[in-house]
Amino acid sequence: MVVGDFANEVDTLVIGSGPGGYVAAIRAAQLGQKVTIVEKGEMGGVCLNVGCIPSKALIAAGHRYHNAKHSEDMGIIAEKVSINFEKVQEWKASVVNKLTGGVEGLLKGNKVEIVRGEAYFASENSVRIMDEKSAQTYNFKNCIIATGSTPIEIPGFKYTDRVINSTGALALKEVPKKMVVIGGGYIGIELAGAYANMGTEVVVLEGSKQILGGFEKQMAKVVERRLKKNGVEFKMEALAKGVEETGDGVKVTAEVKGKEEVFEADYCLVTVGRRPNTDEIGLEQIGVETTDRGIVKIDKQCRTSVSNIYAIGDIVEGPPLAHKASYEGKIAAEAIAGEKSEIDYLAIPAVVFSDPELASVGYTEAEAKDAGFDVIASKFPFAANGRALSLNETDGFMKLVTRKDDGLVIGAQVAGPNASDMIAELGLAIETGMTAEDIALTIHAHPSLGEITMEAAEVALGTPIHIVK
């Protein structure tokens, strides 16, 4: 096909089918646009195929195994518990297949055309889409770029069968006996916890003094204590220097607080961050402005420096979170349709599916004070909640950050079981301008972990019932 062929004329072209891209495509189609979505890999992007979804499935499997082996204090004694890891991987794949198939079905149901291949901008209104067999040109009125990100490869740690990134860690064919994890961020900690729960001896090398640097120290400590209890070893202020493959394993050399140490393991997992996928799609050729890190510059409607081209997700400023990408996808699609939609959130929740889970939304106590707010930080422990006790999951706490003068909720942090679910109510509280009194006066079901939110609000008001002030 050639430029000008009617079959290749579309209103909106979306590049990338991850949580940002497919949501943008569906929303654009709902608004009456003729939409084509381009995907070079598997439908659903990194998140559904080799990120959010399969990692959570692996984490869930690890929890099941660990709980089966360690529930003696509840009177449950299981003998000869074992893992069929091949079966675990088959189950994980089935979860992924259901979701990716569902995404493809949703796109087709909304009459979105799906094209496989790599896209490269030929002009401000056209792209060349190439696969192994052919190339074709698509003309568009508007384009939404949602190409996501890729794991960073650090010097001296070229990816192989034994030196792996998060994608490789999710595709292992056996549970390693030993694993070295470079990087104590959320990806490293999630996977370290999953494999530790399945019996792997894990060493985490972290360059700073704290794991999970994006979260408050007291939250990170809750996770660190649990992981240490599960046998994970932490080396802080550790700089990875190099790795030597030994046939059936690796030797990782690191400088730990100025002293060189060598760690032997079956695998070395590198999780030091991700980089935006913006360097091989022709952005510079059409004048789309990016930063020196490859981040695309956008306005409040996700519009780039080229007025008919939009960008969302991991390739723009902000945390690389799937739910942020989906939010931005809707904004971009609606902006293209002429609506007044723009980025207008007060807070984006951040979650780590660690053991236990961490979640944060809005300001932390320190951030609020740095921003000039006079705040009250109110904590309530999971150990004082009946549901947490009955689950035998009492580690952690909730903290509310409220303005002292009017009780307005401007931030919240949760460290404990189901934090990923509990943070939603707190995000809603911030977005709707609720106060601690509003939350405290909302009747929460008993017994539930949700009561902790009400209890933390009562602490803020100075009227706690289930802890002594």
Side-chain angles (χ1 to χ4, degrees), residues 52 56-57 59-60 62-64 66-68 70-71 73-76 190 193 197 215-216 218-219 221-223 225-226 323 346-365 376-402 407-469:
C52 319
K56 304 314 167 278
I59 289 167
H63 280 151
R64 294 287 183 92
H66 185 268
N67 289 340
H70 301 283
S71 295
D73 52 348
M74 297 176 73
I76 299 171
E190 286 184 354
N197 276 337
F215 289 82
E216 289 186 319
Q218 55 191 322
M219 297 178 73
K221 281 294 182 184
V222 174
V223 175
R225 283 195 298 269
R226 177 74 68 83
H323 43 280
L346 289 175
I348 299 176
V351 176
V352 182
F353 292 85
S354 50
D355 195 5
E357 293 179 355
L358 302 185
S360 181
V361 65
Y363 287 101
T364 64
E365 180 182 359
I376 297 173
S378 311
K379 286 177 67 175
F380 190 86
F382 274 72
N385 174 262
R387 178 61 174 156
L389 284 162
S390 67
L391 291 170
N392 201 28
E393 287 283 352
T394 56
D395 289 346
F397 60 89
M398 174 183 287
K399 180 193 284 189
L400 280 187
V401 181
T402 55
L408 185 72
V409 179
I410 62 173
Q413 291 76 46
V414 187
N418 291 42
S420 57
D421 299 312
M422 296 174 68
I423 204 67
E425 179 183 3
L426 297 160
L428 180 64
I430 293 171
E431 290 288 350
T432 56
M434 294 178 70
T435 64
E437 185 178 33
D438 292 326
I439 295 175
L441 291 175
T442 300
I443 299 173
H444 289 66
H446 175 79
S448 70
L449 296 177
E451 288 179 285
I452 294 173
T453 307
M454 178 184 71
E455 303 266 20
E458 290 178 343
V459 174
L461 297 172
T463 59
I465 299 298
H466 292 107
I467 60 172
V468 178
K469 185 179 175 183

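Along the sequence shown, residues carry numbers from 1.
K379 and E365 are not joined by a salt bridge, as no carboxylate oxygen comes within less than 4.0 angstrom of a charged side-chain nitrogen.
Applying the salt bridge (charged side-chain N to carboxylate O under 4.0 Å, His left out) test to R387 and every residue at least two apart in sequence or in another chain returns nothing. S378 pairs by the side chain to side chain donor-acceptor pair (under 3.5 Å) definition with nothing, not counting sequence neighbours. Remark: K56 pairs with E190 by the salt bridge (charged side-chain N to carboxylate O under 4.0 Å, His left out) rule, at least two apart or across chains. Residues forming a salt bridge (charged side-chain N to carboxylate O under 4.0 Å, His left out) with E216 (at least two apart in sequence, or on another chain): K399. Every residue meeting the ring pair (Phe, Tyr, Trp, His ring centres under 6.0 Å) condition with Y363, not counting sequence neighbours, appears here in chain and number order: F373. The side chain to side chain donor-acceptor pair (under 3.5 Å) test applied to N67 returns no partner, not counting sequence neighbours. H70 is linked by a side-chain contact (heavy atoms from CB on, under 4.5 Å) to H66, E72, counting only residues two or more places apart in sequence or in another chain. For A436, the side-chain contact (heavy atoms from CB on, under 4.5 Å) test picks out T402, A457, A460, L461, with sequence neighbours left out. Under the side-chain contact (heavy atoms from CB on, under 4.5 Å) criterion, D421 pairs with N418, sequence neighbours left out. Taking the side-chain contact (heavy atoms from CB on, under 4.5 Å) definition, one finds that R225 meets it with K221, V222, sequence neighbours left out. For S360, the side chain to side chain donor-acceptor pair (under 3.5 Å) criterion is met by Q413, not counting sequence neighbours.
Within the 3.5 Å criterion, the main-chain N or O of T435 finds a donor-acceptor partner in the side chain of D438. A donor-acceptor pair is defined here as one N or O able to donate and one able to accept, closer than 3.5 Å; such a pair exists between the side chain of E357 and the backbone of A419. Judged by distance alone, with hydrogens and angles left aside, the side-chain atoms of E425 form no donor-acceptor pair with the main-chain N or O of M422 at under 3.5 Å.
Remark: E437 CD is loosely packed, at most 12 non-hydrogen atoms of other residues, nucleotides or ligands lying under 6.0 Å away.
Sorted by first and then second residue, the side-chain hydrogen bond (donor to acceptor under 3.5 Å, both in side chains) pairs with a member in residues 456-466 read E455-H466; sequence neighbours excluded.
Between L400 and V459, the closest side-chain pair of non-hydrogen atoms is not below 4.5 Å.
Note that CZ of F215 and OG1 of T364 are 11.0 Å apart. Values are rounded to the nearest 0.5 Å.
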